[in-house]
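Notes for the one structure printed next.
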Amino acid sequence: MRLVLVGPPGAGKGTQAQYIASNLSIPKISTGDIFRANVSGGTDLGKLAKTFMDRGDLVPDEVTIAMVRDRLSEDDAQDGFLLDGFPRNVAQAEILRDMLKDWGLELDLVLELVVDDDEVVRRLAGRRTCSQCGRIWHVEFDDKKDDKCDACGGALFQRDDDKEETVRHRLEVYQEQTAPLVSYYVDEGILVGVDATGPVEEVTQRAMEAIRPYLG
Ligand code: AP5
Ligand code: MG
Ligand code: ZN
């Protein structure tokens, strides 16, 4: 299964990606996570990416595409993958299509997580991420009273780009650059919308139901 998750910042792409990828036994490939790992590792890629991420802008396509090409070439991605946060504009989508075509492959499905702006802001304002295992939590919805990960005990942190002003800009960038992907994938005939409101488990159930008809 070759799957893409699209949706605004805070829609729950990362949250759902953990469950969907594990249900389907495919790797979850999140460009945001790879960039953040490079930022904390202090690599050249991380230093470059950070200047764009801190503003809430997209990292330049050449850099992002080269990184994804490398990741998709790894062994664990040969029998399928779930992309979270890539592609993020039509140019990236076209290059992904050509890249897969060169390998004799194509995407099976694009899931759009649909949720309104107010909910997105609430979700991002309370988001915490585990510095050890990467799990995503929410202070209110997961009733987090301490700053420790319930899964591994690691320390939780708040993402630098979850400041209100940066969130607002990320939403604008989504509307301008990423939202056009929805009609792009409708035209390709592989887009399915999923209502991403309500409890996490219910959203996962809806996503799995949407995926079922596409499983080989
Ligand atoms: P990225 O990390 O991809 O950020 P994003 O798209 O803005 O999305 P988020 O990770 O903020 O939200 P999410 O949808 O994953 O929501 P989550 O599951 O965490 O990208 C960051 C930056 O990297 C970009 O700005 C850009 O600079 C760069 N970048 C990345 N990819 C790029 C690309 N392809 N090209 C160029 N640049 C790129 O959930 C949010 C919160 O809500 C959590 O607290 C969660 O617990 C909670 N939650 C989730 N679901 C529910 C629910 N059903 N009910 C209640 N709470 C919920
Ligand atoms: Mg995410
Ligand atoms: Zn953890």
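Every number for a ligand or one of its atoms is a count from 1 in the order of the listing.
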Looking only at heavy atoms, is any part of [X] under 4.0 Å from ligand 1, and if so is it the side chain, the backbone, or both, or is it neither?
X	value
Pro8	backbone
Thr64	side chain
Glu202	neither
Arg159	side chain
Leu124	side chain

Report the member of [options] with the shortest heavy-atom distance to [atom].
atom	options	value
atom 34 (N) of ligand 1	Gly85, Gly12, Pro60	Gly85
atom 27 (O) of ligand 1	Leu58, Asp160, Ile65, Asp57	Asp57
atom 44 (O) of ligand 1	Trp137, Tyr174, Phe52	Trp137
atom 18 (O) of ligand 1	Thr15, Val203, Thr197	Thr15
atom 24 (C) of ligand 1	Arg88, Gln177, Arg170	Arg88
atom 48 (N) of ligand 1	Arg135, Arg123, Glu140	Arg123

Heavy-atom pair of closest approach, residues [X] and [Y]:
X	Y	answer
Ile20	Ile211	CG2-CD1, 3.6 Å
Arg206	Thr197	NH1-O, 3.0 Å
Pro8	Leu113	CD-O, 3.7 Å
Val6	Lys13	C-CD, 4.1 Å
Gly198	Val203	O-CG2, 3.9 Å

Please confirm whether [X] comes within less than 3.5 Å of ligand 1 when only nitrogen or oxygen atoms on both sides are compared.
X	value
Gly14	yes
Thr31	yes
Val59	yes
Pro87	no
Glu119	no
Ile136	no
Arg128	no

Q) Rounded to 10°, how big is the angle at the Zn ion (ligand 3) from Cys149 SG to Cys130 SG? A)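 With the Zn ion (ligand 3) as the vertex, SG (Cys149) and SG (Cys130) sit 110° apart.
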
Side chain proximity check, [X] to [Y], heavy atoms < 4.5 angstrom:
X	Y	result
Asp195	Val114	no
Arg128	Phe157	no
Ile136	Arg127	yes

Taking only heavy atoms of [X], which atoms of ligand 1 are found under 4.0 Å from at least one of them?
X	value
Arg36	2 (O), 21 (C)
Phe86	34 (N)
Val200	50 (N), 51 (C), 52 (C), 53 (N)

Q) Under 4.0 Å between a Lys/Arg side-chain N and an Asp/Glu carboxylate O for Asp146 and Lys148? A)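 Salt bridge absent between Asp146 and Lys148.
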
Q | Salt bridge present between Asp33 and Lys28 (N-O < 4.0 angstrom) | A |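 Result for this pair is yes, salt bridge flagged.
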
Q.
Exactly one of Asp160, Asp54, Asp162 should register a salt bridge (charged side-chain N to carboxylate O under 4.0 Å, His left out) with Arg170. Which one does?
A.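 So the option named by the test is Asp162.
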
Counting only N and O atoms by type, is there a donor-acceptor contact under 3.5 Å from the side chain of [X] to the main-chain atoms of [Y]?
X	Y	value
Ser25	Ala21	no
Asp161	Gly56	no
Gln78	Leu72	yes

Protein heavy-atom partner closest to [atom] - residue, atom, separation in Å:
atom	answer
atom 53 (N) of ligand 1	Gly198 O, 2.7 Å
atom 55 (C) of ligand 1	Phe141 CD1, 3.3 Å
atom 38 (C) of ligand 1	Phe35 CE1, 3.7 Å
atom 13 (P) of ligand 1	Lys13 N, 3.5 Å
atom 47 (C) of ligand 1	His138 CD2, 4.0 Å
atom 19 (O) of ligand 1	Arg127 NH1, 2.6 Å
atom 35 (N) of ligand 1	Gln92 NE2, 3.0 Å
atom 12 (O) of ligand 1	Gly10 N, 2.8 Å

Return yes if a side-chain donor-acceptor contact under 3.5 Å exists between [X] and [Y], otherwise no.
X	Y	answer
Asn38	Thr43	yes
Asp143	His138	no
Arg97	Tyr184	yes

Q. Below 4.0 Å from any atom of ligand 1, is there a heavy atom belonging to Ala11?
A.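 Flag set, Ala11 near ligand 1.
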
Q. Hey, does Ala49 sit under 4.0 Å from ligand 1 if you only count heavy atoms?
A.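 No heavy atom of Ala49 comes that close to ligand 1.
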
Q. Are more than 12 heavy atoms from other residues, nucleotides or ligands located less than 6.0 Å from atom CD of Glu164?
A.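 Not more than 12 within 6.0 Å, no.
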
